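Input: a single structure, listed below in structure tokens.
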Amino acid sequence: MSEYLLKAVDISKAFVGVQALDAVSLDIRPGEIHCLAGENGCGKSTLIKIISGVYQQDAGYIEFNGKRFTRITPLEAIAMGIQVIYQDFSIFPNLTVMENLAFNTELAAGRRLVNKRRMRTVAEEALSKINFDIELDRLVGSLSVAEKQMVAICRALMFDAKLIIMDEPTTALTRKEVRALFEIILKLKEQGIAILFVSHKLNEVFEISERFTIFRSGKHIVSGNTSELDDRKFSYYMTGREFDAEPFRPRYEGGECVLEVENLAIEGAFEDVSFRLCRGEILGITGLLDSGRSELALALFGLRRSTGGRILVKGKEIAMGSPRDAIEAGIGYVPEDRLSEGLFLPRSIADNIVISEIDRLTGALSVLDFRRYRQEVEDWVRALSIATPDPENACSTLSGGNQQRVVLAKWLACKPDVLVLNGPTVGVDIGSKHDIHRILQRLANEGMAVIIISDDLPEVLQNCSHLLIMKDGRIVARPDPGSTDENTVLSHML
Amino acid sequence: MKKKFRKLISRTEFYIALVFLALCLLIQLRSGQFFTPNNIVDILSALVVPGIFAVGAFMVIISGGFDVSFPALASLTSFVTTKVLLDAGWQGGVWLPFLIALVLGALLGAFNGLFIGYFELPAMIVTLGSSSFFKGLMQGALNSKQLAVIPVGMRSFGTSALFVAKNVESGLTSRMPTTFLVLAGVLLVTWFLLNRTMFGRGIYAIGGNPVSAHRAGFNVRRTRFLLLVYVGMISALAGLCRVCMMQQMHPTNMLGMEMNVIAGVVLGGTAIIGGAGTLFGCMLGTGLIVLVENSMILIGIPTVWKDAFVGALIVIGTGISAFQVNRARRAGLRNVRKGAAL
Amino acid sequence: MNALLKFYRRDRHISRLVIMLAGWLIFMAITCFDKFFSIRNFPTIASVIPEYGLMSLGAMVCMITGGIDLSGVGIANLTSITMALFMKSLPDETGYVTPWMVPLVLLMAILCGLCAGAVNGTLISKVKIPPILATLGINQLLTGIAMVITNGPAVQNIPPVYSSMINNKLLKVVPGKRGTVSGLIPVQLLIFVAVVLLIWFLMARTSYGKKLYMIGTNENVARYSGLKVDRMLIKTYAMSGACAALGGMIMLANYSSARADYGSQYTLQCILIVVLGGVSPTGGRGKISGVMLAIVLLSLLEAGINRFPQISSYYITMIWGAVLLLVMVLNYFAENPIRKRR
Amino acid sequence: DGYEIVVVPKDESNPWFVRMKTGVDEYAAAHPEDTIYQKGTPEIDATLQYQLVMDLVAQEVDAICVVPVDLASIEPALKAAMDAGIVVIAHEGAALENVDYDIEAFNNELYGAFIMDNLAAAMGEEGLYTTMVADLTNGSHNEWADGGVKRAGEPYPGMTLLADEPRVESHDNGDIAYNVAKELFKKYPDLKGVMGTSSFDAPGIARAIEELGLSGKVFTAGTGMPGDNAALLKSGAVQYLTLWDPALAGQAMVALAQKVLNGEAVAAPLDLGVEGYGALEFKAGSDTVLEGQGWITITAENVDSFGF
Ligand SMILES: Nc1ncnc2c1ncn2[C@@H]1O[C@H](COP(=O)(O)OP(=O)(O)OP(=O)(O)O)[C@@H](O)[C@H]1O
Ligand SMILES: Nc1ncnc2c1ncn2[C@@H]1O[C@H](COP(=O)(O)OP(=O)(O)OP(=O)(O)O)[C@@H](O)[C@H]1O
Ligand SMILES: [Mg+2]
Ligand SMILES: [Mg+2]
């Protein structure tokens with residue numbers, strides 16, 4: 001038996017036009033918590049998919065438990081004890097929690113018939129492992145993002161796994177849930193299970209992992225013990241550059257008040273929400289899952305109808321019936337879920353950038369002015385340094401961070417007075433995250449009013465000039481971000 | 001209790017069942033003939049062929065595609081079966097025709113399945129193509145004609161009855177055709193496949209998210225392939241039942257049924273994007289269409305008004321259910337949230 | 001050579017259609033040049049194409065939004081019947097109708113089509129009925145209304161000026177044996193080409209086109225991006241309705257009569273054409289050039305096969321299906337070279 | 001070389017036109033000097049038939065012999081053919097304008113009347129009846145049905161037309177005919193007869209009569225091919241079916257086309273050398289419509305004597 005549980009050696013994989021992995025290696029010891037980090041698009045997910053048999057590598061091999069493979073099928077991987085929690089959860093929205101939980105075990109056991117009672121026991125057992133409480137007969141599609149993720153985690157835990165791979169498991173989790181997850185991970189470690197943990201979040205990496213591996217653009221950069229690592233080194237390895245975080249200081253002078261929200265309410269979601277926002281300010285809104293912050297954002301953007309209160313933009317009351325009303329009033333919205341709400345993935349980057357302002361790029365008879373169109377696209381690609389050889393490429397070819405910039409560009413192109421961002425850096429690497437924060441600060445200083453909805457506390461504390469904390473649909477505190485710390489904010493949220 | 005009710009009213013099946021009931025009452029009111037034993041048997045016997053077709057169409061929709069080739073497939077298989085047995089002078093029982101039809105159906109289904117499963121092409125495109133192909137094969141290469149005489153085995157099977165329902169008042173009798181057992185059998189087997197086997201759950205899983213299904217360890221290609229083979233087989237059964245019941249083989253009179261059958265399936269609450277729907281809803285929707293098409297005279301709608309009436313019923317029926325289901329879902333969500341907030 | 005290769009790579013699907021078309025023309029040139037490449041043949045084909053060509057355009061825009069329009073034939077027939085009755089009510093005692101009525105009637109027809117299409121769009125976007133059901137129901141409803149209006153038989157004896165203007169060929173050079181001279185360029189084709197150019201312009205040159213593709217790609221994202229999705233859908237189905245109505249008016253001119261069930265096979269034929277032209281049934285992808293090529297390819301195939309007396313016309317159907325499957329499989333192998341397949 | 005003569009039926013799989021094709025092929029074999037063949041569309045559809053005829057015009061064949069699906073829509077195509085100098089012969093198209101000649105096996109109204117005679121005989125000349133056609137849009141079926149209704153009004157005072165449902169549809173589909181008939185008998189217990197027109201009607205109705213246990217109480221009559229309906233006739237479910245032989249009609253059209261192409265005079269009484277078309281007369285008041293001699297009635301007794 002070798003020292004390592006898993007050895008991936010010199011793995012290469014190319015997609016049409018991209019070398020996603022270039023002879024990378026990774027090794028994991030039994031019972032170890034290993035962190036795999038790297039910028040968006042550096043090939044982490046691709047390597048995971050190769051290990052789990054979803055993709056086949058072009059070159060290289062994998063050794064698991066001393067056995068050497070050049071090709072693994074998903075069933076083999078599962079049978080050997082490799083479990084993956086994918087970035088997109090890989091759940092079945094149309095099926096019940098029970099089935100989502102039980103399918104993998106049933107398939108791995110080669111069962112051909114369905115036994116409801118057995119499946120129910122299996123599912124209950126899985127939930128009990130992390131004390132997650134949910135009705136087994138609910139359809140997974142009706143769950144919130146976090147609940148979906150919990151289901152995915154439970155599913156992976158059910159196996160007698162030797163290696164559990166978690167591809168950015170914490171992106172949609174709140175702090176409380178992250179804590180619970182870490183406890184589970186430690187418990188698993190005690191049982192001798194190795195964990196491969198993919199994350200962008202520095203504090204998590206330091207908190208949980210023992211060893212780490214960092215990739216950059218498909219190449220292996222470094223592996224080592226986490227104890228020998230610090231913040232600066234970590235970001236340097238990942239990005240190849242160094243940066244200093246700078247807290248936001250509003251610089252825009254004499255900002256008029258652009259957005260006033262008075263006693264806004266949606267029955268069953270939130271009530272009595274009031275605040276004012278001036279040009280040059282960045283307002284942070286934070287709260288736990290289900291605190292109503294997302295509904296608030298949707299209400300501000302006309303995607304949900306409010307049942308009480310009013311919204312005034314530049315002193316004028318606006319009836320928010322549809323997103324178009326909001327856009328015309330000067331509000332932009334960067335949604336929570338890039339993939340299902342933010343981007344037309346198969347369409348070109350250019351189209352994605354201009355679609356919301358497209359009617360401004362037309363002449364008579366709404367004929368597109370292609371010169372202006374190209375100019376506009378070029379401007380935004382440059383302004384937000386979106387990394388692409390050609391803006392005519394499909395948006396799906398971009399990495400997460402660059403995709404988020406495209407969404408940002410789309411809304412900036414509409415020249416909004418107020419920009420609402422819901423989880424602006426979810427699943428975005430530190431390099432891009434830093435850049436996005438810089439962009440938001442710059443925008444505010446140029447006179448835009450920005451609202452950041454996020455539960456990434458360092459993010460809100462560093463970038464906001466004001467802060468609202470929501471709990472159970474109400475605003476419970478309005479601390480000054482400059483003079484509070486994370487623990488105080490947390491105590492308000494819980 | 002209240003929760004169960006809320007769940008009920010957020011389902012399409014509920015509204016279709018209401019429309020169905022209303023229609024039955026209307027027929028009863030207008031003709032006094034709906035709730036008579038022989039009429040109910042008539043409707044059931046008219047349901048046999050569309051019903052079996054609907055099961056196949058339903059399964060393909062669940063897996064996330066559309067099959068429009070089943071009438072052509074059924075015509076081709078039942079033509080070949082009948083023709084071959086006639087030429088061979090088959091005097092035996094009905095088992096051989098069914099066997100041949102099943103094998104042929106499986107073959108043609110495999111043809112579809114090859115393209116849909118292994119080449120990963122969209123089912124609707126493939127079946128549009130294969131439908132034309134089967135039709136052309138039957139009418140061109142095989143030079144199909146109406147066969148007015150069918151083998152004795154098929155003949156006696158088609159006319160045999162499970163029981164005869166009699167309306168004491170009018171003295172009219174209706175046979176419950178033995179072929180109804182085929183529908184019942186197909187429903188039973190399909191229900192078992194869909195709900196009690198991993199193959200069937202795999203069809204739902206693929207309809208919900210094919211990528212996840214692959215990762216979970218479902219063999220997506222094989223599942224799709226086998227699904228199409230199975231659908232080919234039951235479509236062939238439907239075709240053969242039709243031939244037996246009509247006592248003659250007409251190569252083209254099943255063609256063109258596909259859209260109405262699919263409409264029935266969707267009407268019964270099957271999601272057109274796949275992954276959601278029940279066999280019960282599928283039968284309810286198909287039953288509604290069959291009921292409407294076979295009750296125009298009983299309701300007393302003049303023949304010229306028939307199409308307009310059926311069209312209006314489809315639009316209004318689906319409209320009501322789509323509208324109500326959306327409303328119920330929205331209300332349901334709000335209440336769930338309310339529960340969470342309190 | 002290089003330029004050719006570049007052209008081929010730009011859109012492989014379209015290139016393959018071009019190659020097939022060229023192959024077919026060469027085959028016809030070798031086997032029966034005189035009968036196929038005649039001065040009478042192409043204008044004749046071109047005068048029939050617009051009937052289903054126009055409906056295919058409508059089907060195309062709807063499919064690009066991710067929907068489907070099955071109501072084209074119903075809209076076409078009801079429009080042509082209404083317009084035929086309207087024109088019949090016009091003539092004064094001498095039976096004379098001014099030619100200026102023709103554009104007016106066409107305009108009214110387009111209006112009718114727009115209205116019917118808008119109803120489709122509203123049912124789909126506001127009431128949220130699945131497109132396949134909404135348009136199928138509307139199709140049946142409109143056919144039914146047409147049936148009620150006419151009681152069945154064709155509406156005939158429309159003012160001759162209509163047919164003689166639309167069903168006419170310009171550039172009179174083709175001699176007939178009985179001293180008549182027929183023309184080279186059918187007026188129907190001109191109308192068709194005008195509509196094609198208009199829709200091409202809308203799709204490729206205006207913001208409407210961009211939005212259309214976006215909605216087809218992902219309706220939810222389109223909503224979040226502030227597109228007025230409902231209004232766009234209504235507009236698109238209305239446009240499809242207008243195309244179908246014009247198609248109906250061409251049929252009215254070609255047949256000098258209108259009936260509730262003319263062209264009933266066009267529904268599936270149009271979908272076949274659109275899909276063969278490279279439009280994705282899930283929406284968001286497809287070009288008008290592909291659809292044009294598919295129309296031309298299919299009509300030349302049909303006309304060509306009719307040149308061989310010994311070949312049954314059923315082979316046309318078979319070849320249609322085979323061509324569709326062939327193109328899709330070629331696409332599959334071109335996009336997934338054996339080496340790269342997982 | 002010789003002339004190219006094409007026969008265009010309503011479609012190609014209907015047994016009626018399959019029989020016609022047999023006749024045409026036989027005739028072609030006997031006349032090798034000309035190219036003679038039958039070419040139809042895959043479905044009975046006016047639009048498809050129009051397109052096929054236009055295509056033949058573009059091909060510049062010498063003669064087109066057509067059995068129109070729909071008179072109104074085929075006229076422009078036939079006009080185009082005439083303009084291009086193609087000889088046009090029709091069958092079952094007495095009202096067509098753009099033809100050289102039209103051959104009718106008989107007069108449509110009289111044929112309908114004859115079916116009615118058969119039905120009346122079966123019903124004992126009294127009772128409630130209704131009529132069935134393939135589609136309300138179908139030309140000749142509705143003419144026959146009209147002829148039948150007109151006939152019933154005169155010599156059979158006991159026969160009454162069902163006022164609520166005077167005409168129902170079978171869409172040329174035996175299964176629909178069967179289901180519609182069942183509904184009719186349920187809703188109208190007094191209904192005693194259904195007059196069929198399409199060759200699918202009477203067999204379908206007969207199946208319903210048999211199943212509902214109404215044999216001997218309710219009757220049907222209509223058109224049908226002997227071979228396809230022998231069993232029904234012998235079982236007594238249907239007593240009379242009427243028809244003319246489509247094979248002979250096809251041959252007659254081709255023979256007439258040859259005469260016209262060869263410039264022979266066409267004058268009544270015309271002998272085409274085809275059985276039943278030996279002394280064609282012009283229909284009263286027409287110089288294009290030629291009428292032949294009658295139809296055939298098939299019964300259980302003579303059904304086996306036809307050979308098709
Ligand atoms: N199916 C695919 N087809 C083409 N290119 C792909 C495909 N999957 C991934 N890529 C490309 O391969 C590269 C690596 O992608 P991968 O998803 O592994 O990145 P990642 O490190 O997981 O990034 P993130 O942090 O955003 O999840 C990217 O450039 C991506 O665009
Ligand atoms: N538009 C909507 N209509 C109906 N229900 C909704 C809608 N949006 C969200 N919900 C429901 O609300 C619940 C969670 O709401 P939401 O995600 O907005 O909470 P949150 O406080 O923003 O937390 P987080 O952003 O961390 O998920 C989910 O169950 C979701 O199904
Ligand atoms: Mg990733
Ligand atoms: Mg949320």
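Bear in mind that the values here come from a model prediction, so they are computed numbers and not experimental data.
Proximity to chain A (any heavy atom under 4.5 Å) is restricted, for B:Phe192, to the side chain, taken from C-beta onward. A:Glu99 touches chain B through its side chain: at least one heavy atom from C-beta onward sits under 4.5 Å away, while N, CA, C and O do not. With a 4.5 angstrom heavy-atom cutoff, B:Ala213 touches chain A via backbone and side-chain atoms both. Using a 4.5 Å cut-off between heavy atoms, B:Asn219 does not touch chain A at all.
For the atom pair CG of B:Asn195 and CG of A:Leu113, the computed distance is 12.5 Å after rounding to the nearest 0.5 Å. The distance from the CG atom of A:Leu75 to the CZ atom of B:Phe218 is 10.0 Å, given to the nearest 0.5 Å.
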side-chain hydrogen bond (donor to acceptor under 3.5 Å, both in side chains) between A:Arg112 and B:Thr197: does it pass, once the steps are laid out? CA-CA 6 Å; A:Arg112 299 211 180 273; B:Thr197 67; over 6 Å; no

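For the set A:Leu107, A:Ile91, A:Asn100, the count of heavy-atom pairs under 4.5 angstrom toward chain B peaks at A:Leu107. The candidate from B:Ala276, B:Ala216, B:Gly202 with the greatest count of non-hydrogen atom pairs under 4.5 Å with chain A is B:Ala216.
Residues A:Val114 and B:Met198 have side chains in contact (heavy-atom distance under 4.5 Å, counting atoms from C-beta outward). Using a 4.5 Å heavy-atom cutoff, the side chains of A:Lys116 and B:Arg196 are in contact. Looking at A:Leu95 and B:Arg201, their side chains come closer than 4.5 Å, going by heavy atoms from C-beta outward. Residues B:His214 and A:Pro74 meet the side-chain proximity criterion, which asks for heavy atoms closer than 4.5 Å.
A donor-acceptor pair is defined here as one N or O able to donate and one able to accept, closer than 3.5 Å; such a pair exists between the side chain of A:Asn94 and the backbone of B:Tyr204.
Under a cut-off of 6.0 angstrom, the local environment of CG in B:Leu181 is crowded, with over 12 non-hydrogen atoms contributed by other residues, nucleotides or ligands.
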